[in-house]
Trainee: 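First, the structure itself, so that you have it in front of you.
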Amino acid sequence: MGADSACWTCASAPRRAAARIAGLDAYLCEEPPHIGRWLDTSELTAERAADEIPARAEAAV
């Protein structure tokens, strides 16, 4: 294997990784049964997220 093929492999790795991530994202959004509860913590502090979990559990029953 020459240096050219190694460079090509390295150069295409980000595209391949992005395609795999996109495929995984699509699978997780569409395929599995929607059971359980999801908590979007993107705008929560760790403390607020920890408080939110039992609060949502109580509301679910």
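All heavy atoms count here, side chains included; hydrogens, waters and symmetry mates do not.
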Trainee: Once you round to the nearest 0.5 Å, how far does CZ of R48 lie from OG1 of T41?
Mentor: 12.5 Å
Trainee: Over all heavy atoms of both residues, which pair between D40 and L44 is shortest? Give the atoms and the distance, please.
Mentor: O-CD1, 3.8 Å
Trainee: With rounding to the nearest 0.5 angstrom, report the CG to CZ distance, D51 to R56.
Mentor: 12.0 Å
